[in-house]
Peer 1: 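Encoded as structure tokens, here's the structure I'll be asking about.
Only heavy atoms go into these numbers, but all of them, side chains included; no hydrogens, no water, no symmetry mates. Just so it is clear, the model here is predicted, and its values are computed rather than measured. Along the sequence shown, residues are numbered consecutively beginning with 1.
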Amino acid sequence: MTMLKHLSLVLILFGSLGLPLTWGQSAPEDDLSFVPSPYLLLDRGLQFRVTKSINSMYDFDFETAERDFQVLSYQYPNHPLPDFLMALGYWWRIEVDVTNKKYDDLFLGYIDRANEKAEKMFEEDETNKEAAFFLAAGYGFQGRLLSERKSWTRAAWAGRTALKYMELSRGEEEFNPELLLGDALFNYFSVWIPENYPLLRPVMALFPKGDKELGIEQLENVASNAFYTRIEAMYFLFRLYASEEKKPYEALRISEYLHSKFPNNPYFHRSYARHLYTVGRWSESLEESQEILDRIESGKTGYESNSGRYAAFFIAQYFERVGNQEEAKRYYLKTLSYGEESESQESGYYLHSMVQLGQIAMKENQNALAKEYFKKVKKYAKRKHPAHQAARNFIKKNKL
């Protein structure tokens, strides 16, 4: 996982609108103790109205979601919420394959409009916690994309701006669980980044000191208790559990839940297949991976070559383990095809597939073909990469 994207630290504070446990519970009309919130974001009636729309967005039914978001933009033309929700929909299109830049301008356009409206609200009233909340979220989102595009200085600036507004949005009790996501990510990544990328230590020195263990604790808290940011916390948790924290069963638990709730979200789908593969549930991973490939073939929204690279590799590994070399070879070749389509030749699945194809070619006495695969591995992999080392060893051992 490329964790440098998290340099902005305060990310997608609105990202979990899909699945809060209490979502859609409006106050009874005869409840005289109920006091309407002065903030649109916390209006229970609005929350009830947009539940289906936001669930549709998370389930990649963007047509339904965006039609409803457009209605909101007519009802609340000066509020950042409609533009922010539109941006969120484009972010999930980007998330499926972050190397694809075709949605960048649309995403940033909606984020800029949301920020402009929130800034105007804030200028009119600097005690407006909702305006500060949206600015923290907007600049956090912006920083995340900029870090994906390796614009580190601009990403750091956006991250610092997001932190400033997050601090200003404190003090409204109903916002506090949502703001905890920003705290959690800051605590974890402000330690993780300088540990893993020493060159960024001067940049991170501009931020306060964090605490990784506390960050994980806070993410668990948000995932269990938050209203708006619950799903976003789950997203970060399963990624951290899978890679940094080495807790694959925890990663599987969360990704299984997300896939069950949003079965048409290709990111959650391939993550579930991946975590099934990681813990050795081969037949289930095979089933999910085949479904991913079927959905790519049928042109289902969001299912594309990047997901295909994952799925084809898991299927190839299954057939290799059961001794079906022909099918393993077929799906390793599919992995290469999907990898080349998504320009992911440096990815682990692509490189490992070439190593495996080289070994299969040697078993079939096609030494020239094997050498070609191993040379390509050396071309695309960094020298310290395990695939590069494996290719060198095979060439040397077999005198290719």
Side-chain angles (χ1 to χ4, degrees), residues 1-7 9 11-12 15-16 95 98 144 147-148 180-181 183-198 200-201 204 209-224 229-260 267-286 288-289 306-307 309-311 313-314 316-318 320-321 344 346-353 355-356 381-382 384-390:
M1 173 166 54
T2 307
M3 287 295 179
L4 278 174
K5 71 174 67 175
H6 307 306
L7 185 59
L9 303 175
L11 309 174
I12 316 182
S16 64
E95 183 64 36
V98 293
R144 186 172 181 182
S147 57
E148 281 288 359
L180 187 60
L181 175 62
D183 286 341
L185 296 175
F186 176 81
N187 271 316
Y188 193 92
F189 288 109
S190 62
V191 177
W192 187 92
I193 288 171
E195 283 180 350
N196 290 271
Y197 294 90
L200 291 176
R201 284 173 186 165
M204 297 311 300
K209 186 174 176 59
D211 181 332
K212 279 204 312 186
E213 289 185 11
L214 177 60
I216 290 290
E217 214 174 282
Q218 290 171 324
L219 280 173
E220 289 284 7
N221 187 338
V222 177
S224 298
T229 51
R230 182 168 174 245
I231 299 305
E232 191 60 32
M234 288 185 176
Y235 163 86
F236 280 102
L237 274 173
F238 82 66
R239 294 186 62 150
L240 290 174
Y241 281 144
S243 58
E244 306 306 316
E245 299 298 310
K246 311 304 180 189
K247 294 182 178 179
Y249 287 96
E250 288 298 301
L252 174 60
R253 173 181 60 82
I254 297 169
S255 62
E256 182 174 19
Y257 173 80
L258 290 172
H259 176 57
S260 71
Y267 188 89
F268 294 153
H269 196 173
R270 78 175 186 228
S271 298
Y272 179 46
R274 178 182 184 179
H275 296 141
L276 286 168
Y277 162 79
T278 301
V279 302
R281 288 165 60 175
W282 313 114
S283 58
E284 292 167 271
S285 180
L286 171 69
E288 296 297 336
S289 297
N306 198 36
S307 296
R309 177 170 52 87
Y310 283 72
F313 179 79
F314 301 147
Q317 288 273 284
Y318 172 86
E320 184 176 346
R321 280 175 169 81
S344 304
E346 295 180 3
S347 72
Y349 295 150
Y350 183 92
L351 295 171
H352 190 67
S353 293
V355 171
Q356 297 305 108
K382 294 180 179 178
K384 292 184 178 180
H385 195 285
H388 194 289
Q389 185 175 349

Peer 1: On a heavy-atom basis, which atom in Arg270 and which in Ser307 lie closest, and how many Å separate them?
Peer 2: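 For Arg270 versus Ser307, the nearest heavy atoms are NH1-OG, 3.1 Å.
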Peer 1: State, to 0.1 Å, how close Arg144 and Ser147 come at their nearest heavy-atom pair, and which atoms those are.
Peer 2: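 That would be O-OG, 2.7 Å.
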Peer 1: List the residues meeting side chain to side chain donor-acceptor pair (under 3.5 Å) with Glu245, not counting sequence neighbours, and say none if there are none.
Peer 2: Tyr188
Peer 1: Can Tyr235 and Ile254 be said to form a side chain to side chain contact (heavy atoms under 4.5 Å, CB included), step by step?
Peer 2: CA-CA 8 Å; Tyr235 163 86; Ile254 297 169; over 6 Å; no
Peer 1: Do the charged groups of Glu220 and Lys247 touch, with an N to O distance under 4.0 Å?
Peer 2: no
Peer 1: Rounded at 0.5 Å granularity, tell me how far CG in Leu276 sits from CZ in Arg274.
Peer 2: 12.5 Å
Peer 1: Between atom OG of Ser283 and atom CZ of Arg321, what is the distance when rounded to the nearest 0.5 Å?
Peer 2: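 Taking OG in Ser283 and CZ in Arg321, the distance rounds to 12.5 Å.
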Peer 1: Tyr272 and Leu252: side chain to side chain contact (heavy atoms under 4.5 Å, CB included), yes or no, with the steps?
Peer 2: CA-CA 6 Å; Tyr272 179 46; Leu252 174 60; 3.8 Å; yes
Peer 1: Which heavy atom of Ser353 sits nearest to which heavy atom of Phe313, and what is that distance?
Peer 2: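 Closest approach of Ser353 to Phe313, heavy atoms only: OG-CD1, 3.4 Å.
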Peer 1: Determine, step by step, whether Leu240 and Leu219 satisfy the side chain to side chain contact (heavy atoms under 4.5 Å, CB included) criterion, reporting the C-alpha distance in whole Å, the side-chain angles of both residues, the deciding distance to 0.1 Å, and the verdict.
Peer 2: CA-CA 10 Å; Leu240 290 174; Leu219 280 173; 3.8 Å; yes
Peer 1: Indicate yes or no for a side-chain donor-acceptor contact from Ser224 to the backbone of Asn221 under 3.5 Å, with no hydrogens or angles considered.
Peer 2: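 No, because the side chain of Ser224 does not come within donor-acceptor range (under 3.5 Å) of the backbone of Asn221.
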Peer 1: Going by distance alone, is a donor N or O of one side chain under 3.5 Å from an acceptor N or O of the other, for Tyr249 and Arg253?
Peer 2: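 No, Arg253 and Tyr249 have no side-chain donor paired with an acceptor closer than 3.5 Å.
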Peer 1: Under 4.5 Å between any side-chain heavy atoms of Val191 and Asp211, yes or no?
Peer 2: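 No, every pair of side-chain atoms sits at 4.5 Å or beyond.
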Peer 1: Can you tell if the side chain of Lys382 reaches within under 4.5 Å of the side chain of His388, non-hydrogen atoms only?
Peer 2: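 No, every pair of side-chain atoms sits at 4.5 Å or beyond.
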Peer 1: Please report the interatomic distance CD(Glu244) to CZ(Phe236), rounded to the nearest 0.5 Å.
Peer 2: 12.5 Å
Peer 1: Looking at Lys212 and Glu217, does any basic side-chain N land under 4.0 Å from a carboxylate oxygen?
Peer 2: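 No, no charged N to carboxylate O under 4.0 Å.
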Peer 1: Write down the atom of His385, the atom of Gly348, and the distance for their closest heavy-atom approach.
Peer 2: NE2-CA, 4.3 Å
Peer 1: If only atom types and distance count, is the side chain of Ser285 paired as donor or acceptor with the main-chain N or O of Arg281 below 3.5 Å?
Peer 2: no
Peer 1: Are any side-chain N or O atoms of Asn187 and backbone N or O atoms of Gly215, one a donor and one an acceptor, separated by less than 3.5 Å?
Peer 2: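 No, because the side chain of Asn187 does not come within donor-acceptor range (under 3.5 Å) of the backbone of Gly215.
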Peer 1: Counting C-beta onward and ignoring hydrogens, is there a side-chain heavy-atom pair between Leu258 and Phe238 closer than 4.5 Å?
Peer 2: yes
Peer 1: Can we say Arg309 and Glu346 salt-bridge, meaning some charged N sits less than 4.0 Å from an Asp/Glu carboxylate O?
Peer 2: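 Here Arg309 does not pair with Glu346 in a salt bridge, since their nearest N and O are not under 4.0 Å apart.
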Peer 1: Test of understanding: with ring-ring contact (aromatic ring centres under 6.0 Å, His included), list the residues that count as partners of His269, not counting sequence neighbours.
Peer 2: His259, Tyr303
Peer 1: Considering all heavy atoms of both residues, which atom of Ala233 and which atom of Ala223 are nearest to each other, and what is their separation?
Peer 2: CB-N, 3.8 Å
Peer 1: Which distance, rounded to the nearest 0.5 Å, do you find between the OG of Ser344 and the OH of Tyr310?
Peer 2: 8.5 Å
Peer 1: Quick one: closest heavy-atom pair of Ala251 and His275, and the distance?
Peer 2: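 So the two residues come closest at O-ND1, 3.6 Å.
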Peer 1: Could you pull out all residues at least two apart from Phe314 that satisfy ring-ring contact (aromatic ring centres under 6.0 Å, His included)?
Peer 2: Tyr277, Tyr349
Peer 1: Go through the steps to decide whether Glu95 and Arg239 satisfy the test salt bridge (Lys or Arg N to Asp or Glu O under 4.0 Å), and finish with yes or no.
Peer 2: CA-CA 13 Å; Glu95 183 64 36; Arg239 294 186 62 150; 3.4 Å; yes
Peer 1: Distance from Ser289 atom OG to Gln317 atom CD, nearest 0.5 Å?
Peer 2: 11.0 Å
